[in-house]
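Step one of this worksheet: look at the structure below.
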Amino acid sequence: MANPNESADSEIWNQPRWATSRHNWDPAIAVPPHSVELHDLTIRDGEESADLAFTTADKVRIAEALARLGIKRTEVFLTVPGWQEVVRALLARNLGMDLWVTWQPGRVETALDLGARHVMVWYRIGEVFQQHVAKASRAELMDQMLEQVRAARAAGCVVNLFMPESTRADLEHITTAAKAAEQEGAEAVTVVDSQGIARPNAMAYLVRHLKAETGLKVEVHCHNDFGLAVANVLGGYEGGADVLQVSINGIGYRAGNAAMEAVAAALEMIYGVDTGLQLDRLPEVCRLVEEISGLPNGYFKAIVGDGAFRYEQWSATAALIAGGERPYAFPFEPEVVGRTPELVVGKWSDTGAVVQKLADYGLQATPDQVQRILVRSQRTGAAKHRPLADAEFLAIANAAGASEVEG
């Protein structure tokens with residue numbers, strides 16, 4: 001006999017292939033299903049992972065697997081050597097996925113020539129970052145962002161305002177930036193939990209706020225430093241997010257991003273959302289990425305995983321430490337949980353990483369030498385598919401003329 005107290009939504013939680021919690025559908029807390037897209041970050045945020053370097057062929061294999069899975073959006077950085085070949089190869093294959101790139105003047109023009117028309121315009125919104133790293137005023141950085149939005153729209157691009165450090169920014173600042181970008185033609189805004197420091201209700205709150213205050217599509221991008229990335233992007237969904245940015249095996253910077261496989265399964269079985277993905281293909285795609293990356297799933301475990309505090313760039317970190325803002329350089333100071341930052345040099349490193357690694361060994365170099373060391377290290381790291389061992393880095397540094405610090 002049917003329970004008269006059960007809602008019609010009980011069919012969602014009690015399916016032939018699964019039985020999740022009926023309490024998810026209590027009218028007091030139920031989240032009516034709404035359509036949502038999954039945006040893949042595997043070959044973009046994968047570039048930020050310190051212990052791997054994908055080749056063009058690797059990225060193509062992963063993208064083809066994602067297309068078979070049913071993913072309709074993916075993204076690449078324009079920073080790692082070989083990015084031109086990646087953009088060319090992916091667009092030439094007509095995989096049925098929108099290819100997103102970062103609007104990076106001096107490089108994005110080539111991506112546009114190759115056919116890219118979906119761009120992320122970055123606005124680093126964290127006030128501490130703007131003061132100590134960008135060393136520019138909010139007004140200057142806002143004007144720069146809006147100029148890039150206008151340029152992207154003039155080039156015929158779909159524009160997403162991507163805002164690193166959103167969860168550390170003032171709400172008025174977030175709202176002002178989003179509205180200004182919308183006025184210039186942006187179609188979407190991404191709330192970015194860069195250091196994985198928000199909780200699900202905070203993500204839901206920010207998404208609801210932007211949906212109420214603007215006409216933009218709202219996306220969420222969450223890191224996993226407290227192990228909350230999956231919960232946080234799902235919090236964004238509960239707030240009405242239109243797109244959730246995720247990656248296979250949670251691959252990404254430090255402790256990684258929201259794992260696509262967990263988010264997709266939760267959307268289908270807990271939230272009643274048709275993701276359009278072939279869920280039974282998830283294991284094969286996850287195994288492929290694990291094989292190509294050489295990184296086991298546990299690498300991205302928050303707090304204790306091998307990747308949780310691995311860094312390949314250091315300029316922003318150095319600037320924040322020099323400005324007396326060390327806690328802002330990390331989700332939390334690694335020493336709190338008995339860890340220390342681990343700096344490696346490789347395909348995605350910056351000059352700050354080179355300078356710091358030299359200093360670790362009592363070495364120094366001129367700016368020209370630092371640049372030569374950086375370029376050689378990036379190319380070597382990309383060729384070896386991993387960061388450099390310290391001995392390899394030191395060989396490059398010595399060949400470029402690095403010298404011991406006197407005194």
Side-chain angles (χ1 to χ4, degrees), residues 11-20 33-49 52 54-76 86-87 89-100 118 219-222 224 229-234 236-237 241-252 255-301 307 385:
E11 294 181 3
I12 295 176
W13 66 266
N14 190 13
Q15 293 287 310
R17 303 288 301 276
W18 61 78
T20 55
H34 69 268
S35 61
V36 66
E37 289 186 272
L38 296 182
H39 174 103
D40 173 69
L41 295 164
T42 308
I43 58 177
R44 190 278 248 184
D45 253 51
E47 297 285 26
E48 298 187 33
S49 180
L52 69 88
F54 290 135
T55 65
T56 297
D58 292 338
K59 293 173 186 176
V60 170
R61 287 179 67 196
I62 292 170
E64 289 174 339
L66 291 167
R68 292 192 296 271
L69 181 64
I71 288 293
K72 302 299 183 185
R73 297 171 47 139
T74 192
E75 184 179 350
V76 297
V86 175
V87 172
L90 293 182
L91 290 175
R93 279 165 171 75
N94 296 315
L95 296 174
M97 293 191 293
D98 293 333
L99 179 63
W100 290 78
H118 293 79
E219 310 192 9
V220 292
H221 177 119
C222 300
N224 198 44
V230 168
N232 280 342
V233 297
L234 292 172
Y237 170 80
D242 302 282
V243 178
L244 311 181
Q245 298 186 7
V246 294
S247 65
I248 292 293
N249 295 343
I251 203 166
N257 294 79
M260 180 192 298
E261 56 275 16
V263 172
L267 286 172
E268 293 265 2
M269 292 180 261
I270 294 178
Y271 289 91
V273 177
D274 180 3
T275 64
L277 302 189
Q278 298 185 50
L279 298 187
D280 58 351
R281 285 187 175 271
L282 283 169
E284 71 178 70
V285 180
C286 291
R287 284 194 296 269
L288 175 69
V289 172
E290 187 170 15
E291 170 199 329
I292 291 174
S293 69
L295 300 178
N297 281 330
Y299 174 93
F300 294 104
K301 185 174 177 61
H385 303 187

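The chain is numbered in sequence order, starting from 1. Side chains are part of it too, since the values below use all heavy atoms of this structure and drop only hydrogens, waters and symmetry mates.
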Measuring only between side-chain heavy atoms, which start at C-beta, is V86 closer than 4.5 Å to K59? yes
Quick check for you: to the nearest 0.5 Å, what is the distance between L244 atom CG and H221 atom NE2? 12.5 Å
Atom of L288, atom of R61 and distance for their closest heavy-atom approach: CD1-NH2, 3.1 Å
Give a yes or no on whether the backbone of T275 and the side-chain of E268 come within a donor-acceptor separation of less than 3.5 Å. yes
Side-chain heavy atoms of E75 within contact of L99, under 4.5 Å: no
Just how far is it from atom CG of D58 to atom CD of E291, taken to the nearest 0.5 Å? 9.0 Å
Mind listing the closest non-hydrogen atom pair of V230 and A259 along with its distance? CG2-N, 3.7 Å
Approximate separation, where rounding is to 0.5 Å, of I270 CD1 and W13 CH2: 13.5 Å
Can you check whether Y299 reaches S293 side chain to side chain, under 4.5 Å on heavy atoms? no
With side chains defined as the heavy atoms from C-beta onward, is the minimum distance between V246 and L41 less than 4.5 Å? no
Under 3.5 Å side-chain donor-acceptor pair for H39 and E219: no
With sequence neighbours left out, which residue pairs that include part of residues 258-297 fulfil the ring pair (Phe, Tyr, Trp, His ring centres under 6.0 Å) condition? Y237-Y271
Nearest heavy-atom contact between A241 and V36 is O-CG2, 3.7 Å
Spacing of I43 atom CD1 and L66 atom CG [to the nearest 0.5 Å]: 7.5 Å
Check: I248 main-chain N/O paired with T42 side-chain donor or acceptor under 3.5 Å: yes
Donor-acceptor contact below 3.5 Å, side chain N224 vs main chain A258: no
Is any side-chain heavy atom of K72 less than 4.5 Å from a side-chain heavy atom of D98? no
Criterion salt bridge (charged side-chain N to carboxylate O under 4.0 Å, His left out) on R93 and E64, from CA distance to verdict: CA-CA 9 Å; R93 279 165 171 75; E64 289 174 339; 3.3 Å; yes
Over all heavy atoms of both residues, which pair between G272 and I12 is shortest? Give the atoms and the distance, please. CA-CG2, 3.6 Å
Under 3.5 Å, side chain of S49 to main-chain N/O of L52, donor-acceptor pair present? no
If only atom types and distance count, is the side chain of N232 paired as donor or acceptor with the main-chain N or O of A229 below 3.5 Å? no
Just so I know, are the side chains of D45 and S247 near enough to count as touching, which here means a heavy-atom distance under 4.5 Å? no
Checking side chain to side chain contact (heavy atoms under 4.5 Å, CB included) against W100, which of Q245, R73, R44 comes through? R73
Taking all non-hydrogen atoms of both residues into account, name the closest pair between L295 and E290 and its distance. O-CG, 3.5 Å
Minimum heavy-atom separation for A65 to V285, with atom names? O-CG2, 4.0 Å
Please lay out, stage by stage, how R281 and E261 fare under the test salt bridge (charged side-chain N to carboxylate O under 4.0 Å, His left out). CA-CA 10 Å; R281 285 187 175 271; E261 56 275 16; over 6 Å; no
Supply the atom-to-atom distance D242 CG to S35 OG, rounded to the nearest 0.5 angstrom. 7.5 Å
Do N249 side-chain atoms and I251 backbone N/O form a donor-acceptor pair below 3.5 Å? no
Sub-4.5 Å side-chain heavy-atom contact between L234 and L267: yes
